[in-house]
Amino acid sequence: MKKGKRPEKRKRAAKNSPHDHGIPERQKLMRERLDTLRARVSKEAAQPYLSGDHNRKPASKFSYKLKVPGMIRLLFAVAIFVTELVLFIILSLTLRDLSVGFYLLLQIIAFILVLHITQKHRNSAFTLSWTVLLLSFPPLGLILYLFWGREGRFPRKEAKLKAAQKRLQSWQPDMQKQAEKIKRLQLSTASYLQLHYLSRNGFALYQNSSAHYYASGEEQFEQMFKDLEEARHSILIEYFIVAEGQILQQIQDILIRKAKDGVEIRFLMDDFGSVAKAPTHLIRTLRENGVKVQNFNPVNRYISKLYVNYRNHQKVCVIDGQIAWFGGTNLADEYANIYERYGYWKDCAVRVTGEACRGATIGFFLMWELESDHGEETYSPFFPDLSTTRFAPEDGRQHIFVPYWDGPLMEQGNPAEDLYLSMFNTARHELLIITPYFVIDEHMMSDLCRAARSGVQVMLLCPGIPDKKAVNCITRSNYGPLLKAGARVFEYSPGFIHCKTAILDGEAAITGSINLDYRSLFLHYENAIYIYDNPVVQEIRDDFFETLKESREISLEDWRKRPIWLRLLEPLLKIFSPLL
């Protein structure tokens, strides 16, 4: 297939989809909103999206150019890393040639360390990667593990996080009373177990809240811009990728205007996700105009300990302490399909109003304090009293919301993975999963296959056009066990699907930033929201099945027709999947 004809084929594949018929209307609304908010975006750059001709192709498939200063800083960090790695290799070869007896001792130490890793780490991908490295190249493996593999390497960071947790504890409900409250609620067995798990790990349950689902980035940003414009007291923004373009320009203009009006604003972005994409002077411009900004974990920090590997992948926006946005989008134009990267970019978001926003605010400030050198004097402006306002509709439902987060320095166990596992093991009728990457380990795959074999309708939806070829190879190789177990697998034909969502038995759902891959489950800081017995769960479920109408189902026969070279490559990629 010729590359130039690919978009036309995607367009034909989705032509008769009800969901696709809604896209132009949503983009029309988005165009109107962008038009009114546009301040310093050049008409020439905006023309492909804001013109009346929706079918016109963008002038460029990439809306931003890589920033030279950011690239220099990133390449400098990479150069230091490569230099360290070369020195480690030289040192390991020197140790190997020193004496046979010494090399044998290193092999014994490496074997003992493998036993320790096997016993301590439940993730098979992590265990396998280090086992191969330690046993195949003992000197190099030991040195690398000493610097990059062991835990407890960041005591100062851990101390800062504990201090922030202690300070923020007073702003969340009494967790002992929460446990008693869960026992009194009318819950299914699955939801009882999941809510009890979250409560025991310090995540509060909120009921006086409501939510609405947005089935595309265009819809989300249109409403988010309105919310930001109406902010009166505070704005908290936290995203992994912040990239130059129309979306960021609108948000920047609003933040500067609101800061001048006296609104307290905190802006947190991940350095690795934004270093080569964000405007060069973004941080300085925002700070000069009264916006407090933090650049999470600069890439040149702790290179020798590989702390650069731990990214802040969280995505949240909290406005006046009573509106919170959860979902998979970042602050970049492709998330609203202003520019095409991998066909149509399908994303989603949930807008929560009410007391559940308190949990989102706590999660934000944990990450803010982790990076900040000076803690907040008071959190009062960010936690308004919402107890006297009714947010949840009076419809007899329980309207349960639990914002939660995870990360390498968190003490709550591993809720990012554990909540997925709980869903896999407690599903009775239906389990719907949307993920851009399906790179899971053996025990997670086993639980998911067991659900399918037990009669649960397990349905997995992944991208039809991937953004990462190597990761997509592993994703597709993992279809096989699911298909053999009776699950159904689909790929989104029009392009790339970036939603991170799971729906359990039509009664509970999670959505947020968590991918089903090693990085999200074990390395990154992530966040999501668990929702039970609220109409938004059905909205998410409805969109899942609408999206299936423009997706292609993958059969077991299709999967078995993979090229031979791909089958040979898959085992090697799986071994090193934690690095992808």
Side-chain angles (χ1 to χ4, degrees), residues 64-85 87 144 147-164 236-245 248 251-252 255 265-289 291-316 330-332 363-376 405-410 513 519-520 522-527 579:
Y64 47 81
K65 296 179 180 179
L66 297 180
K67 301 296 175 285
V68 174
M71 282 301 297
I72 292 174
R73 192 156 56 88
L74 182 60
L75 290 174
F76 179 73
V78 171
I80 294 177
F81 170 75
V82 172
T83 302
E84 288 183 345
L85 187 60
L87 291 175
L144 292 178
F147 277 87
W148 301 334
R150 63 188 177 90
E151 297 178 351
R153 294 170 289 151
F154 312 104
R156 292 181 62 183
K157 286 285 185 183
E158 292 172 356
K160 287 182 70 174
L161 189 60
K162 287 180 181 179
L236 309 176
I237 293 180
E238 176 184 15
Y239 286 93
F240 175 62
I241 296 175
V242 174
E244 184 175 27
L248 178 61
I251 290 177
Q252 178 179 317
L255 295 185
I265 303 175
R266 306 292 182 270
F267 190 93
L268 179 61
M269 64 182 188
D270 184 81
D271 189 53
F272 185 83
S274 308
V275 63
K277 304 172 184 177
T280 304
H281 303 298
L282 173 65
I283 294 178
R284 187 179 69 185
T285 300
L286 290 175
R287 286 175 175 169
E288 288 176 349
N289 286 277
V291 178
K292 293 185 178 180
V293 184
Q294 292 289 347
N295 195 22
F296 187 87
N297 188 13
V299 295
N300 55 312
R301 186 187 296 174
Y302 302 125
I303 296 176
S304 62
K305 294 184 178 182
L306 208 65
Y307 188 65
V308 68
N309 205 30
Y310 301 135
R311 306 316 318 170
N312 182 4
H313 196 245
Q314 295 184 7
K315 303 166 177 61
V316 70
N330 286 293
L331 303 186
F364 173 89
F365 275 112
L366 284 175
M367 303 308 298
W368 179 266
E369 299 288 2
L370 186 60
E371 192 58 42
S372 176
D373 293 328
H374 308 286
E376 293 289 329
W405 47 87
D406 196 0
L409 300 183
M410 303 293 185
S513 70
R519 288 192 167 275
S520 271
F522 294 97
L523 292 180
H524 289 166
Y525 294 95
E526 304 283 357
N527 72 322
L579 305 177

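One-based numbering along the sequence shown. All heavy atoms count here, side chains included; hydrogens, waters and symmetry mates do not.
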Check whether any side-chain heavy atom of [X] sits under 4.5 Å from a side-chain heavy atom of [Y], and report yes or no.
X	Y	answer
M269	N295	yes
Q314	L268	no
P279	R284	no
I241	D270	no
L523	Y310	yes
E526	R311	no
I237	L331	yes
I283	F267	no

Heavy-atom pair with the smallest gap, counting every atom of [X] and [Y]:
X	Y	result
P298	D271	CA-OD2, 3.2 Å
F522	P408	O-CB, 4.5 Å
S520	S513	OG-O, 4.0 Å
E371	N297	OE1-N, 2.9 Å
L161	L409	CD2-O, 3.4 Å
N527	V316	ND2-CB, 3.7 Å

Under 3.5 Å, side chain of [X] to main-chain N/O of [Y], donor-acceptor pair present?
X	Y	value
E369	E376	yes
N330	F240	yes
K292	R266	no
K315	H313	yes

Can you say whether the rings of F365 and W368 are parallel (under 30°), tilted (30 to 60°) or perpendicular (over 60°)?
-> perpendicular

Find the distance between CD (E158) and CG (L370) and round it off to the nearest 0.5 Å.
-> 10.0 Å

Going through the checks in order, is the side chain to side chain contact (heavy atoms under 4.5 Å, CB included) test met by L282 and L248?
-> CA-CA 10 Å; L282 173 65; L248 178 61; 4.1 Å; yes

